[in-house]
Number of protein chains: 2
Amino acid sequence: MLNKINTVKDHLMGAKEKRGRYKEDFRREILNSARELFINEGYEKFSMRGLAKKIDYSPTTIYLYFKDKDDLLIAICEEVAEQFLANLSRIRAHPSKPLEALRQAMLYFIEFAFDNPNQYKVFFLTRPNVYGTQEEFMERESMARNSYLEFRKIVQECIGAGKLRRMDIDVLTQVLATATHGLIAITTYHKNFPWADRKVLAITLVDGLLRGFQK
Amino acid sequence: MLNKINTVKDHLMGAKEKRGRYKEDFRREILNSARELFINEGYEKFSMRGLAKKIDYSPTTIYLYFKDKDDLLIAICEEVAEQFLANLSRIRAHPSKPLEALRQAMLYFIEFAFDNPNQYKVFFLTRPNVYGTQEEFMERESMARNSYLEFRKIVQECIGAGKLRRMDIDVLTQVLATATHGLIAITTYHKNFPWADRKVLAITLVDGLLRGFQK
DNA sequence: AAAGATAAATTAAATATGTTAAATAAAATT
DNA sequence: AATTTTATTTAACATATTTAATTTATCTTT
C-alpha cells in the first residue's frame, strides 16, 4: 500500500505543479514497489495484477503512469543501470593501473549480477526490442547505453596504455562484455546444472580473457 | 494436420503393441509440428493453442502425450541437443590437432546457435528447473548432459596433449562454454544493440580465450 | 456380431495474464 | 454552487495454461 506523501509545501505551490509533483512521486512509488516485487518474487512471477494488489490500486491505475508492461520494465532497467553505472565510474576513477581497473570492472560486473539476479534478469533477459530499434538505442540517452560507453572507456585506456593488443575497440569491448555476461546468465538462469564454484569461474574467466588479449 | 501413419504391419501385431506404437508415433508427430512452429514463428509466439490448431486437434489432446508445456519443451531441447551432439562428436573424431578441434568445436557451437536461434532459445533461455534439480541432472541420461561431457572430452584432450594449461577440467570447460554462450545469448536476444559483426566477434572471442589458457 | 471395457479426444470450465473502453469518484476552476 | 478537468475503478476483451467431466472411438470377450 502506498502512502500519499506530498505534504511539505503544498500550500506554496500552484495546483498545476502540485499535480505534476504528485504524479511524479506516484510513478516513483509504483516503481519502488515493482522493483521490490521483482527482488522478492523473481522475474517470472512478476505481473501487473500482482503489482496492483501490492500497491492496493486497481491494475488499470498503473497504466496511467506507465504505457504498458514494457515501459515499466524499461524504467526498472534504467534504475538498475544507473546504480551499476555509478559503481563502474568509481572504478574507472583509479587510472594508475588501467589493466587492474578493467579486471576490477569485469569482476564487479559479475558480482553485481550475482548479488542482484532479478535485476539482472530484467536488464538482460527480457524479450528483445524493449529498448527500441537498433538505430534508436545509441542515440537515445539511456543508462544502459552509458554503462556500455563507460566500460568501453576502461578498455580504451588499456589499449592506449599499451597493456592490451591494439584492435577494434568495439569488438574488444563487446567480446569482453558478452563473455562475462555468458557466465552470469547461464549460472543464474540454469541453476540445475552442477556448476563449479561461481567465484572461481569468474576469476578464471576474467584472468584468462585478459591474458588472451594482452600484448 | 497430422496423418495417422501406422499401416505397414498393423495386422501382425497385438493390439496392445499397436496402441503403444500409435502413441509413440503420435507423440513424435506432435513434437515435429512443435519444432516446426518454433523455427517458423519463434520462441515467444509459441503456444499450446497454436500448436493444437496446427495439428488440428484440441489443445487438451496434447496433454495426453505431454505432461505440460515444460515437458514438451524439454523434449524439443533433447532433440536439439541430440543434433548438436552428433556434430560435436564428428569434430572430436580428428584427434591429430586437439587445439584445432577445440577451436572448431567452439566456433561450431556459435555457428549452430546463429543458424538455429529458436532452438537455442528453447535450450538455454527457457525458465529454470526445467531439467530438474541439481543432483538429478548429471545422473539422468540426457542429450544435454552428454553434449557437455563430449565438449569436456575435447578440452581434456587439449590439456592431456600439453596444449592448454593444466587446471581443473570442469572449471576450464565451463569457462569456455559459458563465455561462448554469452556471445550467442546476448546477440540473438538483444538485437537492438549495435553489435559488431557477429563472425568477427566469434573468432576474436575464441582465439582470445584459447590464447589466454594456452601454456 | 453384440455387449462391455478400455483408451482417446473433445467440450466446458477454472484460473491467470495484459490491456482497453466506459463509468464513476474526486478535485480544481470558474 | 456549477462546471470542467483529473484520477480511479469496474467491466470486459483477448489470450494463455491447464483440469474435470463427457463423449467418441477402439479393442476384447462372449
Side-chain angles (χ1 to χ4, degrees), chain A residues 1-7 10-27 29-30 33-34 37-38 41-76 126-127 129-130, chain B residues 1-7 10-30 33-34 37-38 41-74 126-127 130:
Chain A
M1 176 123 66
L2 301 180
N3 352 339
K4 317 291 160 53
I5 46 181
N6 306 50
T7 49
D10 277 14
H11 61 289
L12 295 174
M13 298 193 297
K16 232 181 224 169
E17 305 160 50
K18 219 156 79 179
R19 277 272 172 70
R21 195 159 77 92
Y22 170 78
K23 201 147 190 182
E24 262 179 48
D25 286 349
F26 199 179
R27 195 187 140 97
E29 292 272 344
I30 294 175
S33 291
L37 211 57
F38 254 96
E41 305 291 328
Y43 171 69
E44 21 276 325
K45 281 183 185 168
F46 177 84
S47 74
M48 298 296 266
R49 294 176 116 105
L51 174 58
K53 189 165 279 179
K54 182 183 166 79
I55 63 177
D56 215 41
Y57 280 81
S58 91
T60 39
T61 302
I62 302 171
Y63 287 84
L64 300 169
Y65 298 87
F66 298 92
K67 185 180 158 289
D68 52 22
K69 197 182 179 182
D70 273 356
D71 191 30
L72 198 149
L73 251 39
I74 291 178
I76 296 179
T126 44
R127 70 168 183 286
N129 304 329
V130 183
Chain B
M1 175 124 65
L2 301 180
N3 351 341
K4 318 290 161 55
I5 46 179
N6 308 53
T7 50
D10 277 14
H11 59 290
L12 296 174
M13 297 192 299
K16 231 180 223 169
E17 304 162 47
K18 221 156 80 179
R19 276 269 174 71
R21 195 157 78 89
Y22 170 78
K23 200 146 191 183
E24 264 179 45
D25 286 349
F26 198 1
R27 195 186 141 97
R28 171 55 44 91
E29 292 271 345
I30 294 176
S33 291
L37 211 58
F38 253 96
E41 304 292 327
Y43 170 69
E44 21 275 324
K45 281 181 185 170
F46 177 85
S47 74
M48 298 297 262
R49 289 160 103 102
L51 175 58
K53 189 166 278 180
K54 181 183 168 76
I55 63 176
D56 214 41
Y57 280 82
S58 91
T60 40
T61 301
I62 303 170
Y63 287 85
L64 300 170
Y65 297 87
F66 297 92
K67 185 179 159 292
D68 52 23
K69 198 182 179 182
D70 273 356
D71 191 30
L72 198 148
L73 252 38
I74 291 178
T126 44
R127 72 171 183 284
V130 183

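In what follows, chains are A, B, ... by sequence order, proteins preceding strands, each numbered from 1.
- Put simply, A/Lys23 has a side-chain N or O that comes within less than 4.0 Å of OP1 or OP2 on D/dA7.
- The distance from atom CD of A/Glu44 to atom P of C/dT17 is 14 Å, rounded to the nearest whole Å.
- Atom P of nucleotide D/dA7 and atom CG of A/Asp25 are separated by 13 Å, given to the nearest angstrom.
- In this structure, A/Tyr57 has its ring center no closer than 6.0 Å to that of A/Tyr65.
- One interatomic measurement links the two molecules: CZ of B/Phe66 to P of D/dT17, which rounds to 15 Å at whole-angstrom precision.
- Here the C1' atom of nucleotide C/dT17 and the CG atom of A/Leu37 are 15 Å apart, to the nearest Å.
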Any N/O pairs under 3.5 Å between the protein and nucleotides 10-16 of chain C? List them or say none.
residue: C/dT10; atom: OP2; partner: B/Ser58; partner atom: N; Å: 3.0
residue: C/dT10; atom: OP2; partner: B/Thr61; partner atom: OG1; Å: 2.3
residue: C/dT11; atom: O4; partner: B/Thr60; partner atom: OG1; Å: 3.3

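- Considering every non-hydrogen atom in both B/Gly50 and B/Ser47, the closest pair reads N-OG, 2.9 Å.
- In this structure, A/Arg27 and A/Ala75 approach most closely via the heavy-atom pair NH2-CB, 4.1 Å.
- Each of A/Met48, A/Arg49, A/Lys69 was checked for a side-chain contact (heavy atoms from CB on, under 4.5 Å) with A/Ile62, and the lone residue meeting it is A/Met48.
- Distance B/Ile55 CD1 to C/dA8 C1': 13 Å, rounded to the nearest Å.
- In this structure, CG in B/Leu73 is found 9.5 Å from CG in B/Asp68, a value given to the nearest 0.5 Å.
- Overall bending of the helix from C/dA1-D/dT30 to C/dA14-D/dT17, expressed as the angle between end axes built from five pairs apiece, is 10° (10° steps).
- The distance from atom NZ of B/Lys45 to atom P of D/dT15 is 14 Å, rounded to the nearest whole Å.
- The NZ atom of B/Lys54 lies 8.0 Å from the CD atom of B/Glu41; values are rounded to the nearest 0.5 Å.
- Distance check, rounded to the nearest 0.5 Å: CZ of B/Phe38 to CG of B/Leu72 gives 8.0 Å.
- Within the 4.0 angstrom heavy-atom criterion, only backbone atoms of the sugar-phosphate kind lie near B/Tyr65; the bases stay farther away.
- For the atom pair CZ of A/Phe46 and OH of A/Tyr43, the computed distance is 10.0 Å after rounding to the nearest 0.5 Å.
- As a whole-Å value, the separation of A/Ile62 CD1 from D/dA7 P is 16 Å.
- Whole-Å rounding puts the A/Met48 CE to C/dG18 C1' distance at 7 Å.
- Between B/Ser58 and B/Ala52 the shortest heavy-atom distance is C-CB, 3.8 Å.
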